[in-house]
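When a ligand or atom number is given, it counts from 1 through the structure's own listing order.
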Amino acid sequence: MKNILEAPFVLEFGKITANMYRLGWDERNGGNLSLLLDEEVVSKYLDLNKVIRNIPFSFDGKELAGRIFMVTGTGKYFRNVADDPERNTGIVRISEDGTYAELLWGYNDGGKMTMEFPSHMMAHIERLKIDSEHRVVMHCHPNNILAMTFVHSLDEREFTYTLWQMITESIVVFPDGVNILPWMMCGNNEIGAATAEKLKTARVCVWAQHGVYGVGKDLDEAFGLVETVEKAAEVYLKIANMPWKQTITEDQLRIVARDFKLKVREGWL
Ligand code: 2HA
Ligand code: ZN
């Protein structure tokens, strides 16, 4: 068996969470991250017949039976993941009946998956239906996206349009736009189902007055997506209270869409 602490996916998970912490996206135990792993890759590092313990959950995970995920732990700080991944994260396999997770590695202080595990798994289920390359669900609390949900209309098209106008590359990175959930209680199946529904039509779902969900085919892609939305939100907040002398016009956005051959969200441009 190879040493799992040297596995590229464990090292990358540590680097991404450290970056997210340093960018101010994940204060204290804020945010959570899950990465779908390839069974064959994991089997080089772990005996897949050895289950440490079973961790029950209360949503229907049958569609993910047998799938293996690396997931941040509940109450754990992103700041600490890279230094001690075996305490702050876990590698779990969804049981055949989809009612519990089999812990294969990690959570070595008796911990378990993030409180947002239902949202993450429901999001994985929906995104895998749309995109077979999908692997990552990222949740965090970036300051500017959060701030924007207090002062901007929460109409999804209007919110997206403002973000597209802030940086030329916005529409290139998220031509599918951003969807938005109004404030809801977090951590339960209800917000999980609502988030998964929103992620059917966009790879970003803003949780008003809370944070954001971003998905992608790898950690870099999900990170880059959230990073670009956050940057656009930051530019917006810098200019929101100033008189605008010019902006990127709708016609100019169409030129970007044409030249980059983008699949822009139907009817939004
Ligand atoms: O504390 O971010 O949404 C973890 C969270 C809950
Ligand atoms: Zn959160």
Side-chain angles (χ1 to χ4, degrees), residues 13-14 16-35 55-59 61 69-85 87-92 101 103 106-107 109-127 136-150 152 154 159 178-199 202-216 219 222-223 225-230 233-234:
F13 203 96
I16 284 277
T17 44
N19 271 306
M20 293 172 74
Y21 168 69
R22 284 195 203 94
L23 286 164
W25 299 356
D26 297 281
E27 74 293 340
R28 200 173 182 275
N29 63 321
N32 23 78
L33 182 62
S34 61
L35 166 66
I55 308 174
F57 52 73
S58 59
F59 58 92
F69 295 91
M70 182 164 181
V71 190
T72 48
T74 184
K76 296 298 192 273
Y77 296 16
F78 271 33
R79 180 163 64 80
N80 297 331
V81 169
D83 282 345
D84 194 352
R87 174 180 297 248
N88 296 294
T89 75
I91 294 178
V92 296
L103 181 63
Y107 306 142
D109 61 350
K112 60 177 190 171
M113 298 80 77
T114 166
M115 68 183 277
E116 304 294 0
F117 194 63
S119 292
H120 280 249
M121 294 302 114
M122 292 181 198
H124 282 293
I125 289 171
E126 288 311 325
R127 288 306 306 183
V136 174
V137 174
M138 176 178 282
H139 167 62
C140 53
H141 307 156
N143 294 338
N144 296 291
I145 296 174
L146 204 40
M148 193 167 155
T149 67
F150 288 80
H152 195 283
L154 295 182
F159 198 93
V178 311
N179 285 341
I180 304 175
L181 280 187
W183 187 91
M184 285 175 77
M185 184 53 203
C186 55
N188 54 34
N189 291 357
E190 196 186 351
I191 198 168
T195 304
E197 184 63 31
K198 292 288 185 187
L199 291 171
R203 290 163 303 134
V204 176
C205 177
V206 171
W207 280 7
Q209 295 84 49
H210 183 133
V212 68
Y213 268 73
V215 300
L219 291 168
F223 182 92
L225 179 61
V226 171
E227 184 180 37
T228 309
V229 175
E230 169 62 358
E234 180 175 1

Measure up the Phe159 and His152 rings against each other and bin them: parallel (under 30°), tilted (30 to 60°), perpendicular (over 60°). perpendicular

Sub-2.8 Å protein N, O or S atoms surrounding the Zn ion (ligand 2): His139 NE2, His141 NE2, His210 NE2

Classify the ring geometry between His141 and His210 as parallel (under 30°), tilted (30 to 60°) or perpendicular (over 60°). perpendicular

So which protein residues pack against ligand 1 under 4.0 Å, heavy atoms counted? Asn29, Gly30, Gly31, Asn32, Met115, Glu116, His139, His141, His210

Crowded around Glu190 CD? As in, over 12 foreign heavy atoms under 6.0 Å? no

Which heavy atom of Val226 sits nearest a heavy atom of Gly214, and at what distance? CG2-CA, 4.1 Å

What one should report as the nearest heavy-atom pair of Asn189 and Pro118 is OD1-CB, 3.4 Å

Can you spot which of Val204, Leu225, Val212 makes a side chain to side chain contact (heavy atoms under 4.5 Å, CB included) with Val178? Val204

Can you give me the closest heavy-atom contact between Met138 and Ile16, atom names plus distance? CE-CG2, 3.9 Å

Salt bridge between Lys76 and Asp84, side-chain N to carboxylate O under 4.0 Å? no

Answer yes or no: is there a donor N or O on one side and an acceptor on the other, between the side chain of Gln209 and the main chain of Thr149, under 3.5 Å? yes

